[in-house]
Amino acid sequence: MVPTTCTDSSQPAQGKFISFEGTEGVGKTTLIAGVAKILIEKGIDFIQTREPGGSPFAETLRGLLLDPAVTMTDDSELLLMFSARSDHVATVILPALAQGKWVLCDRFIDSTLAYQGFGRASGDEQVLAKIQILIDNFVPKLPDTTIWLDLPISEGMQRAKNRGTLDRFEQEQIAFFERVYQGFEYCHRQQPKRIQRINASGDMAGVLQKVLTVLDI
Ligand code: Z5A
């Protein structure tokens with residue numbers, strides 16, 4: 001997916017970078033569509049994008065990263081995530097923000113800490129330190145706000161269970177996703193101001209309302 005755009009040239013520059021995070025099936029895609037609808041109603045310029053992916057090069061890497069037929073080492077996976085991210089940030093996110101647009105991004109750096117740092121490496125301090133070095137050196141802009149959709153693993157899996165072929169991550173066992181959840185808890189503890197924890201249980205309208213309140217729109 002290359003980002004979709006909504007343009008209203010009358011808007012003053014007020015770009016905001018918002019990422020949406022959570023374990024599998026928490027409702028990020030559905031929620032981002034709800035936020036996008038409100039931004040259109042309010043005439044706020046935005047782009048909608050995702051990781052891994054969001055630029056032509058990064059989408060190519062996404063194909064590799066999610067392909068269940070591809071095997072790679074944990075370090076290779078981590079570096080590919082950052083290679084994709086570097087291109088996405090430079091060619092899509094920063095230009096949009098510079099034009100005053102809001103950026104709605106489905107997953108960003110916290111997914112790397114959660115999936116590669118905890119899902120793959122159980123929170124190993126050396127791996128977390130490696131990830132932090134990559135963030136410090138290759139991510140010039142952190143999200144202004146991150147929405148962490150907090151939902152029990154079993155509920156997310158229940159929501160997502162009707163999908164067809166499972167990708168490379170979805171094939172993991174439940175223990176992997178439990179560690180990923182701990183990873184998001186870790187991220188929230190580290191940066192409680194940026195990362196807003198939203199209870200994602202309950203109907204979509206209720207979850208959307210909580211998020212709109214946090215984003216003040
Ligand atoms: N990954 C990584 O390892 N490291 C990184 O740095 C990054 C990513 C950036 C990308 O997968 C994979 O890459 C991801 C982590 C890894 N792997 N996993 N697992 P993706 O982007 O293709 O998929 P995803 O991010 O996991 O999203 P998802 O599973 O497709 O789910 P979602 O977008 O959060 O949920 P949804 O599609 O909006 O909703 C799922 C279903 O629930 C759907 O039928 C909805 O209608 C329903 N739904 C949504 N909200 C509700 C409510 N409130 N109630 C009831 N039902 C609901």
Side-chain angles (χ1 to χ4, degrees), residues 1 19-37 48-55 58-59 61-68 70 72 74-89 92-93 104-121 127-128 130-132 134-135 138-139 142-143 146-181 183-184 187 198-211:
M1 172 182 111
S19 61
F20 297 81
E21 298 280 10
T23 43
E24 208 199 342
V26 290
K28 292 178 287 83
T29 311
T30 313
L31 182 78
I32 290 171
V35 173
K37 190 162 170 275
Q48 194 178 321
T49 188
R50 70 174 178 187
E51 288 210 343
S55 66
E59 286 290 324
L61 294 186
R62 177 186 175 92
L64 272 178
L65 281 160
L66 299 192
D67 186 346
V70 172
M72 62 183 79
D74 291 353
D75 278 350
S76 298
E77 180 179 280
L78 174 61
L79 291 170
L80 281 184
M81 287 292 175
F82 270 90
S83 179
R85 177 162 299 138
S86 171
D87 192 73
H88 181 216
V89 169
V92 174
I93 294 178
L104 307 182
C105 191
D106 191 337
R107 299 195 181 279
F108 199 62
I109 51 164
D110 304 296
S111 277
T112 312
L113 285 157
Y115 282 80
Q116 282 64 54
F118 282 78
R120 295 287 186 230
V127 174
L128 296 182
K130 267 193 225 172
I131 296 173
Q132 195 56 52
L134 289 165
I135 293 172
F138 296 103
V139 183
L142 296 187
T146 295
I147 303 293
W148 170 27
L149 295 175
D150 179 6
L151 189 73
I153 303 293
S154 55
E155 250 184 86
M157 287 188 153
Q158 185 64 25
R159 286 183 187 179
K161 76 172 181 196
N162 292 329
R163 268 195 290 246
T165 322
L166 300 180
D167 70 33
R168 217 167 55 79
F169 291 96
E170 290 163 351
Q171 291 188 332
E172 291 294 337
Q173 302 300 310
I174 192 149
F176 175 86
F177 294 105
E178 298 285 1
R179 292 195 297 277
V180 170
Y181 183 90
F184 285 118
C187 293
I198 302 286
N199 180 347
S201 300
D203 65 78
M204 192 55 222
V207 178
L208 177 61
Q209 194 46 57
K210 286 183 228 170
V211 171

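In listed order, ligands and their atoms are each counted from 1. The basis for the numbers below is simple: all heavy atoms, side chains too, and nothing from hydrogens, waters or symmetry mates.
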Which residue and heavy atom of the protein sit nearest [atom], plus the separation:
atom	answer
atom 41 (C) of ligand 1	Arg159 O, 3.5 Å
atom 17 (N) of ligand 1	Phe169 CB, 3.4 Å
atom 33 (O) of ligand 1	Thr29 OG1, 2.4 Å
atom 30 (O) of ligand 1	Arg163 NH1, 2.7 Å
atom 21 (O) of ligand 1	Arg62 NH2, 3.5 Å
atom 2 (C) of ligand 1	Met81 CE, 3.2 Å

Using a cut-off of 6.0 Å, state whether more than 12 heavy atoms not belonging to Gln173 lie near its atom CD.
no
Tell me whether [X] has any N or O atom under 3.5 angstrom from an N or O of ligand 1.
X	result
Asp106	no
Glu51	no
Arg85	yes
Gln116	yes
Thr112	yes
Gly25	yes

Under 4.0 Å from any heavy atom of [X], which atoms of ligand 1 are there?
X	answer
Leu66	12 (C), 13 (O)
Asp203	53 (N)
Val26	34 (O)
Gly202	52 (C), 53 (N), 54 (N)
Thr30	36 (P), 38 (O), 39 (O), 45 (C), 49 (C)

Measure the shortest side-chain to side-chain distance between Thr29 and Phe20 over non-hydrogen atoms and say whether it is less than 4.5 angstrom.
no
Got Phe82 and Ile135 here, is their nearest side-chain heavy-atom distance under 4.5 Å?
yes
[X] and ligand 1 - part of the residue with a heavy-atom distance under 4.0 Å:
X	value
Pro52	both
Glu77	neither
Ser111	both

Taking the six-membered ring of Phe176, is NZ or CZ of Arg179 closer than 6.0 Å to its centre and within 45° of its axis?
no
Nearest-option assignment for atom 26 (O) of ligand 1, heavy atoms, candidates Arg107, Lys28, Glu170, Arg50:
Arg107
Mark yes or no for whether Lys210, through its side chain, and Asn199, through its backbone, hold a donor-acceptor pair below 3.5 Å.
yes
Hey, is the main chain of Met72 close enough, under 3.5 Å, to the side chain of Glu77 for a donor-acceptor pair?
no
Can you see which heavy atom on [X] is nearest to which on [Y], and at what distance?
X	Y	value
Ser55	Asp87	OG-OD2, 2.6 Å
Val207	Ser201	CG2-O, 3.8 Å
Leu149	Gly27	CD1-C, 3.9 Å
Gly117	Val127	CA-CG1, 4.2 Å

dist Gln116:CD -> Asp74:CG (nearest 0.5 Å) comes out at 8.0 Å
Among Gln48, Arg50, His88, exactly one meets side chain to side chain contact (heavy atoms under 4.5 Å, CB included) together with Cys105. Which residue is that?
His88
Picking from Arg107, Arg85, Glu51, what satisfies side chain to side chain donor-acceptor pair (under 3.5 Å) with Thr112?
Arg85
